[in-house]
Structures are given as structure tokens and as C-alpha cells.
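Structure first, commentary second.
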Number of protein chains: 2
Amino acid sequence: MKDFVPVLKRAKLFAGVGDEDITSMLSCLGAKLRTYEKGEYVLREGERLSDILVLAEGSLHIQRDDYWGNRSILGRIEVGEIFGEAYVAPESGMLLNDVIAVEDSSIFFFDVKRVITTCSSACRFHTMVVQNLFFAISEKNRSLVQKLGHISKRTTREKLISYLSEEAKKQNSSYITIPFNRQQLADYLSVDRSAMSNELCKMRNEGLLEFEKNRFKLR
Amino acid sequence: MKDFVPVLKRAKLFAGVGDEDITSMLSCLGAKLRTYEKGEYVLREGERLSDILVLAEGSLHIQRDDYWGNRSILGRIEVGEIFGEAYVAPESGMLLNDVIAVEDSSIFFFDVKRVITTCSSACRFHTMVVQNLFFAISEKNRSLVQKLGHISKRTTREKLISYLSEEAKKQNSSYITIPFNRQQLADYLSVDRSAMSNELCKMRNEGLLEFEKNRFKLR
DNA sequence: ACGGTTCGGTTGTATTTACAACAGATTGGT
DNA sequence: ACCAATCTGTTGTAAATACAACCGAACCGT
């Protein structure tokens, strides 16, 4: 089995936990590793979840297809990120989204009971892990709010400006690379791809921005 | 000072904490109570926050006005609910929304450091409070995702159906009362009020639903 | 009873969008 | 090098939306 300790060391769930402790925590927390191929479903809407997941390798999309087949991408998960944590609370119902691997991926599963319940053994880090969990979900919360900020704009152009200018702020540059292709960006912003493509070109003609593939330059 | 212990007893933050312990925790956690008049701002976009807030009385709106003055309502806070918890993480930046009192309201402030840091004294409940905090933010997370589900629908009608049918599911009835007036509902769904009003009447004419003020009946 | 304010509904118009269909470019596999 | 699949841009049309303006009803305090 591939050694993912260096990855977990940098994962938010284990922030503040020493290298040597991670290995012991893996068994203490009952960690399981699973691998997925590109395009494979990791979680499906309607399932129930009792594990907190940490992406060790690859990347994932959180998405949802509605009754009419419109797909909306709610977010993207990169290596080291936690997910599923919003659905392990006792009263939480079923999953509201699919999670799908956009590349070949490896994922750690941690049983939430063992994460949250402080054990009497050597693991001195449960409190810290629960705090990390809280901070991680806080961050996800904020990014959901930001996404809501983009989507609640009225026109496609405003949505694009809102999204791109925030990316520029995040990446601290007017040259930005986005993690989506056109269809995915359209799904993320909940607009029609061709209409969005059209709007992007109009904005380019007006000199608002330049782009090539998924790299953009704002003015 | 009004006795809010019965309210706090039912608040999610203190679930599982005995009545008599709440009083002692209030001082241990350094709780402060503030009152706000209807229409007054509780928090403003751009501020930094180091307290977790619990609404003891009244009701609040989380909202945001964009550059062009379009208001979007991100959610509503009722008595006993926690808020602000997503912005107290160490790396979290400034608030992304305003919080405004829609009625005269009373709010408890808890310094996050004292909530999260386990103290050595009599408070045996810090662990439980941190867990409650985690479950509360999980729930908020899920409701954000649900709202995203509504807003990411393409047409006003689909947004309305998505929102109303979910309310019906929540309230477990086809007769539902919504906590918004027309303008607020339009802000919540990020659509134009008059267009939405128009669409609602069309749907009524088509026999999809009936309504009077903020009470709806679905078919 | 009065005037002011808020709220919900209606209408018309200009703008914006979704949708479908297609074409060229790029990518990936064999 | 080739074919197939995917990605991106383009166009036209029908549908949906925002916006502004207005009206009547309900509600408020004085």
C-alpha cells in the first residue's frame, strides 16, 4: 500500500498532529483506504454516510443532476481536503449530492464515531481533530456563501465577473487559471454553456478580459 | 435582566447540557447579552468576528447587498439558532454578509476562544459544546446546499417549485406558511419581485397552487 | 377620518437567456 | 497518422427575465 502519511500530514484534518502520531491515529480512527477510477461515483445522492472522507490522491467534483438533467457543480475537492463531514451529524438525512472522481483518486474513510468520541488510549489528538473538523467545515461554509454570491447575480456577465474577480483575489493576480473547462464553469455558475461562451467572447471583444482555454487575464 | 436560561436550554449549542450547568457556563464562557431594535444591523460585511452568537429573542436575516444594490437574502435565523460560527476560525477573513434584525432581538455573544479551549474548572461540557457547534454548522452547511439547489434552477417557476416543495416536505403538509413576504422571497430566490409575483399568479391560474399572503397550498 | 407607507398584483418593453444545431479545433487512443 | 470523441465558439429563434411604472388594498399612527 502506497504511503500517504506525507499527504495526511498536510491534510487539514490532522493540522497540528505530529508525523509519528498520524500513523498511530490511522489505526485508532479505523481508517480505510479506497481507490476510484476517473468518472466513478464516490458517493451518490440519497445515500447515508457515517464516515468522514479525506482525499489522498486525485480530485473530485461535488455535483447534482436535477430532474430535467441539468447538472450543477457545487464544488471541487483537492488532495488533502475533507468532505462528507456535513452529513455525519446524527440528525442529518441523506446525501444531497453526488461526488464523482474527475481523475483516478484515493480516499481515506474515517468512522465519525471514532473521530468524535474521545478514546481513552494513547490518542491525545481527538480534541484537536474535532476542532480541525470544525474549522474545515467553517471554511466550506464560507465557500458555499461565496458561491451563492456568484450565482445570485442576475446576468451571466455579472456571474462571470463575480467569479473571475474573486479568483483573481484568491490567486492574487490578474492572470488566473481556473479549475474548470467551459461546461464545468457553466455548471458551476448555473448557466447555459453556449450562452456563457458567447458572453465571454463579447467581454473579450469589449476588452474586459483575455483568455485562452482555462487561463484568463482580467483588466 | 430577563431570564433567557429556558431559551438557551433549548438552543442547539447547549444540547445535552443540564439546566443548572447552563447558568454556570454562561459566566465560564464569558457570555454577553446585547439587544437590537428592528432594522438594526447586528453584523456588517467586512467586519471581523471573534464571537459565536446565539439568538435569544426575535429573528434575523443574513443578507448581502451587491455593488448595484440588489439585495439577496441568504437565510433567516430564529430563536435558539447559532450564527457567526463560520467566521471565527483563525484563518477566516472578514464577514461576507450583513446580519440585520427583522424584529426587536436579543443576542448572546460567546468568545470563541473560551468556547473552544477546554478549561480546567468545573465545565465538563466544552467537548459537548464543540460537538454541538460542529453539528450546528453541519446543518447550516446542508441548508446552504439546499438553497443552492433552489437558486441554481434556471427559471423562476422552477425556483419557486423547488423552494415550495421543499418547504412542504419540511412542514410535512401541502398547506405551508413561508417566513418571507414577496420581496423577501424574491431576494431569497434571487429573482425580480414583480416577475415572481407574475409567475406565481400564472401558476395559480394553471391550478398548480393557491395562496394568500404568505400561506400556500400546493397540489 | 385622514394621509402616508407598505405590500402585492398587473402590464409593456427592452434585454437576456436557454436551447438547438452546427463547425472548427483539440485531444486521446490505437 | 488516423479516427473518434471532446471541447469551444457561433448563430438564430423562442422563451423568460428584469425593469419601470402604475394601481388598489391593507395597515399604520395621529
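Predicted model, so just to flag it, every value in this text is computed and none were measured. Each chain gets a letter, A, B and so on, in the order its sequence line appears, and its residues count up from 1.
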Next item on the list: Tell me which of S190(B) and F180(A) sits closer to the 5' end of DNA chain D, going by the nucleotide each one is nearest to.
Entry: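 The residue mapped nearer the 5' terminus is F180(A).
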
Between [options], which one does the side chain of [X] approach most closely?
| X | options | result |
| --- | --- | --- |
| D192(B) | dG8(C), dC19(D), dG9(C) | dC19(D) |
| R193(A) | dG9(C), dC7(D), dT10(D) | dT10(D) |
| S194(A) | dA21(C), dT17(D), dG9(C) | dA21(C) |

Do the side-chain N or O atoms of [X] get closer than 4.0 angstrom to the phosphate oxygens (OP1, OP2) of [N]?
| X | N | answer |
| --- | --- | --- |
| T156(A) | dT17(C) | yes |
| K213(A) | dT27(C) | yes |
| R182(A) | dC7(D) | no |
| N198(B) | dT10(C) | no |

Next item on the list: Mark yes when over 12 heavy atoms from residues, nucleotides or ligands other than E37(A) sit less than 6.0 Å from its CD; otherwise mark no.
Entry: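 Counting other residues, nucleotides and ligands, CD of E37(A) stays at 12 neighbours or fewer.
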
Check: Counting heavy atoms not belonging to Y41(B), are there more than 12 under 6.0 Å from its OH?
Finding: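 More than 12 within 6.0 Å, yes.
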
To the nearest Å, how far apart are [X] [atom1] and [N] [atom2]?
| X | N | atom1 | atom2 | answer |
| --- | --- | --- | --- | --- |
| E199(A) | dT8(D) | CD | C1' | 16 Å |
| K153(A) | dT15(C) | NZ | P | 22 Å |
| K202(A) | dT15(C) | NZ | C1' | 10 Å |
| R154(B) | dT16(C) | CZ | P | 18 Å |
| N214(B) | dG9(C) | CG | P | 11 Å |
| L185(B) | dC7(C) | CG | C1' | 14 Å |
| M196(A) | dT10(D) | CE | P | 13 Å |
| N205(B) | dG9(C) | CG | C1' | 12 Å |

Next item on the list: Name the nucleic acid region contacted by S197(B), choosing base, sugar-phosphate or nothing; use a 4.0 angstrom heavy-atom cut-off, strictly under.
Entry: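 Base, at least one base atom sits under 4.0 Å.
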
Notebook entry, point to check: Is the NZ or CZ atom of K147(A) both under 6.0 Å from the centre of the six-membered ring of Y188(A) and within 45° of that ring's axis?
Noted result: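 Positive - K147(A) is close enough to the ring of Y188(A) and near enough to its axis.
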
Margin query: Here's one to test your reading of the geometry: is the NZ or CZ of R204(A) within 45 degrees of the ring axis of F211(A) and under 6.0 Å from its centre?
Written below: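 Geometry flag: set, cation within 6.0 Å and 45°.
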
Check: So does R204(B) reach the base of dG9(C) with its side chain, donor to acceptor, closer than 3.5 Å?
Finding: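 Per atom types, no contact qualifies.
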
Check: Hey, what's the ring geometry for F108(B) with F4(B), parallel, tilted or perpendicular (30° and 60° as the breaks)?
Finding: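 Answer is perpendicular, since the angle exceeds 60°.
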
